[in-house]
Enquirer: 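There's a structure below that I have some questions on.
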Amino acid sequence: MLGVKQSLTTSDKKPSERLEFWQEIVCKKYVSASAETEVLDDEFAGSLISGELGPLVVAELEAPLHFWSRKPRHVRNDDQDVFIVSLIQQGAGELTQRGRSARLGPGDLVIYDAGATFDYALRARTQLVKIPRRLLESKLDRPADFLAVKIDRSNPLSPILSDLLTRCLDIDLSRHLEPWVAKRLSNAIVDLMASICDLERDALPAAQVSAPLERVMRFARTNLDDPELAPDALAAAGAMSVRTLNRLFSTIGTTPMRWVWSERLEASRVSLSQGEVRSVTDAAFAHGFSELGHFSRSFKRTFGVSPQKLLRK
């Protein structure tokens, strides 16, 4: 469920304390970083509203121009293994990470990695989402392709994400949703984010485009629920022959369907452990398994625990 919303603002602080409050409380609250500004203390006005939604943290930040810098010491001290999505509502920003820089305006979106240093010059009202690394990587191949890459306002799915995040902060979900429903909602947000990136992938510079094998893997992960998913469908998605498909998977020591089976088991494990499903049957059928007994035996052989026990945890 959405955790108790927390609202932090400089408006109720003495003018001489506003910037210090922002630096010491707000910047450490969301992700540890240093903040500097040329705005005078008594003119600095900022706010951060945030809440937990399943494994995600959603937030809205508004502040005058300040320079947010995450240094190696910050990374070591709080060890946040998450990606952060920033979707600008008003104003502008410029994010720099891993040698890339993205200049952002209203409606633009960017992803950055809290597990690495970054600099973010921000004068904006922006929506933020913290997504656990493993969760985004389970939905999106090579998230690193998109770090500090602007996804501009022309992406047709970005407004849908913005509206969904707004509603998540506006509504007291804890009064209306069971925990497993909130987790499904968080999963929908991550799926939507992955879809936004998938629409952008073809426009990435050639050096950032995933290899043909990764394109096939991305298609397969999107269609794990299809029990008819087969080598010919995978080959068609990668614009290659089945023979070429088999050769590519042989380079990583497996076959197409053995890999698909492994991905289905891992996806079902995640859905069970995160409470995204209400039963083992739901987990099996949602990930392309059509025979429950075979699924349960394979699951226990792979993970050393039955799906029933994992569901109860």
Side-chain angles (χ1 to χ4, degrees), residues 5 7-11 18 22 26-27 29-31 33 35-39 43-51 53 56-70 82-98 100-114 118-131 136 140 143 145-171 186 188-205 208:
K5 283 195 296 188
S7 180
L8 300 170
T9 178
T10 62
S11 62
R18 290 175 181 173
W22 190 262
V26 176
C27 290
K29 172 64 182 177
Y30 199 75
V31 60
E36 296 181 359
T37 183
E38 296 176 358
V39 178
E43 296 176 353
F44 192 94
S47 65
L48 175 70
I49 302 171
S50 66
L53 181 63
L56 310 183
V57 177
V58 295
E60 182 173 284
L61 179 148
E62 185 169 9
L65 179 62
H66 65 294
F67 304 93
W68 200 18
S69 184
R70 185 158 165 85
V82 299
F83 292 106
I84 301 178
V85 177
S86 175
L87 202 167
I88 303 290
Q89 299 300 295
Q90 296 176 353
E94 182 170 2
L95 175 76
T96 301
Q97 186 171 60
R98 295 185 178 178
R100 301 180 196 157
S101 186
R103 292 187 176 183
L104 310 165
D108 294 339
L109 179 153
V110 72
I111 302 173
Y112 48 108
D113 183 357
F118 63 79
D119 293 292
Y120 200 176
L122 193 62
R123 184 188 71 253
R125 177 168 61 85
T126 184
Q127 295 171 314
L128 299 167
V129 189
K130 280 203 286 194
I131 305 175
L136 185 59
L140 176 66
D145 287 351
F146 295 93
L147 295 181
V149 173
K150 180 174 78 171
I151 299 177
D152 69 32
R153 69 204 76 180
S154 65
N155 190 298
L157 299 182
S158 292
I160 301 175
L161 177 63
S162 178
D163 185 58
L164 184 54
L165 296 178
T166 297
R167 291 177 182 274
C168 285
L169 282 173
D170 285 347
I171 300 173
S186 69
I189 290 173
V190 180
D191 281 334
L192 181 55
M193 188 62 231
S195 297
I196 288 171
C197 291
D198 284 339
L199 288 180
E200 297 291 319
R201 194 174 290 273
D202 289 341
L204 289 175
Q208 292 174 224

Enquirer: Are the side chains of Val85 and Met193 in contact, using a 4.5 Å heavy-atom criterion?
Expert: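 Counting from C-beta outward, Met193 and Val85 do come under 4.5 Å.
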
Enquirer: Do Asn155 and Glu200 pair up side chain to side chain, a donor and an acceptor below 3.5 Å, judged on atom types alone?
Expert: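 Yes.
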
Enquirer: Are the side chains of Asp113 and Arg98 in touch, meaning some heavy atoms are under 4.5 Å apart?
Expert: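 Touching, per the 4.5 Å side-chain cut-off.
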
Enquirer: Could you state the interatomic distance from CG (Leu128) to CG (Leu56), rounded to the nearest 0.5 Å?
Expert: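 That separation rounds to 12.5 Å.
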
Enquirer: Are Gln127 and Val58 close enough that some pair of their side-chain heavy atoms sits under 4.5 Å apart?
Expert: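 Not touching, per the 4.5 Å side-chain cut-off.
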
Enquirer: Tell me the closest heavy-atom pair linking Leu136 and Pro143, and the distance in Å.
Expert: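 So the minimum-distance heavy-atom pair works out to CD2-CB, 4.1 Å.
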
Enquirer: Which residues satisfy the side chain to side chain donor-acceptor pair (under 3.5 Å) test with Thr126, sequence neighbours excluded?
Expert: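 Checked Thr126 against side chain to side chain donor-acceptor pair (under 3.5 Å); matches are Ser86.
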
Enquirer: Kindly give the heavy-atom pair with the smallest separation between His66 and Thr37, and that separation in Å.
Expert: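 Closest approach of His66 to Thr37: CB-CB, 4.0 Å.
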
Enquirer: Working to the nearest 0.5 Å, report the span between OG of Ser162 and CG of Leu157.
Expert: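 It is 12.5 Å, given to the nearest 0.5 Å.
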
Enquirer: Just so I know, are the side chains of Asp198 and Leu140 near enough to count as touching, which here means a heavy-atom distance under 4.5 Å?
Expert: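 When only atoms from C-beta onward are counted, Leu140 and Asp198 do touch, with a gap below 4.5 Å.
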
Enquirer: Which distance, rounded to the nearest 0.5 Å, do you find between the CG of Leu53 and the CG of Leu165?
Expert: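 The CG atom of Leu53 sits 9.0 Å away from the CG atom of Leu165.
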
Enquirer: With a 4.5 Å heavy-atom cut-off, do Ser158 and Arg153 have their side chains touching?
Expert: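 When only atoms from C-beta onward are counted, Arg153 and Ser158 do not touch, as no gap falls below 4.5 Å.
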
Enquirer: Do Leu109 and Phe146 have side-chain heavy atoms sitting under 4.5 Å apart?
Expert: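 Not touching, per the 4.5 Å side-chain cut-off.
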
Enquirer: Measuring from atom CD of Gln89 to atom CD of Glu62, what distance do you get when rounded to the nearest 0.5 angstrom?
Expert: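 Reported value, rounded in 0.5 Å steps: 10.5 Å.
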
Enquirer: Restricting to non-hydrogen atoms, name the atom on Ala102 and the atom on Lys150 that form the minimum distance, rounded to 0.1 Å.
Expert: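 Closest pair (atom of Ala102, atom of Lys150, distance): CB-N, 3.8 Å.
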
Enquirer: Look only at the side chain of Gln97 and the backbone of Ala148, and say whether a donor-acceptor pair between them is shorter than 3.5 Å.
Expert: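 It does not hold such a pair.
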
Enquirer: Please step through side-chain contact (heavy atoms from CB on, under 4.5 Å) for the pair Cys197 and Ile111, ending with a clear verdict.
Expert: CA-CA 10 Å; Cys197 291; Ile111 302 173; 3.7 Å; yes

Enquirer: Identify, with sequence neighbours excluded, every residue that meets side chain to side chain donor-acceptor pair (under 3.5 Å) alongside Asp119.
Expert: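 Only Ser69 meet the side chain to side chain donor-acceptor pair (under 3.5 Å) criterion with Asp119.
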
Enquirer: Could you tell me if the side chain of Val149 sits less than 4.5 Å from the side chain of Arg100, heavy atoms only?
Expert: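 In short, these two side chains touch, coming nearer than 4.5 Å.
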
Enquirer: I would like to know whether Val31 and Trp68 meet side-chain contact (heavy atoms from CB on, under 4.5 Å); could you show each step before the answer?
Expert: CA-CA 10 Å; Val31 60; Trp68 200 18; 3.1 Å; yes

Enquirer: Applying side chain to side chain donor-acceptor pair (under 3.5 Å), can you list everything that pairs with Glu36, at least two apart in sequence or on another chain?
Expert: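 Expected list: none.
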
Enquirer: side-chain contact (heavy atoms from CB on, under 4.5 Å) for Val129 and Leu161? Distances and angles first, verdict last.
Expert: CA-CA 11 Å; Val129 189; Leu161 177 63; 5.6 Å; no

Enquirer: Rounded to the nearest 0.5 Å, what separation is found between the CG atom of Leu147 and the OG1 atom of Thr96?
Expert: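 Atom-to-atom, Leu147:CG and Thr96:OG1 are 12.5 Å apart.
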
Enquirer: So which atom in Gly91 and which in Pro106 form the shortest heavy-atom distance, rounded to 0.1 Å?
Expert: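 For Gly91 versus Pro106, the nearest heavy atoms are O-CD, 3.3 Å.
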
Enquirer: Which heavy atom of Val57 sits nearest to which heavy atom of Tyr30, and what is that distance?
Expert: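 So the minimum-distance heavy-atom pair works out to O-OH, 3.5 Å.
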
Enquirer: Would you compute the distance between atom CZ of Phe67 and atom CD of Glu38 and round it to the nearest 0.5 angstrom?
Expert: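 Phe67 CZ to Glu38 CD: 5.0 Å, rounded to 0.5 Å.
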
Enquirer: Can a donor-acceptor pair be found, under 3.5 Å and without considering hydrogens, that links the side chain of Thr9 to the backbone of Ser47?
Expert: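 A pair under 3.5 Å: no.
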
Enquirer: Which atoms form the tightest heavy-atom contact between Gly105 and Ile88, and what is the distance?
Expert: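 Shortest heavy-atom contact: O-CB, 3.4 Å.
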
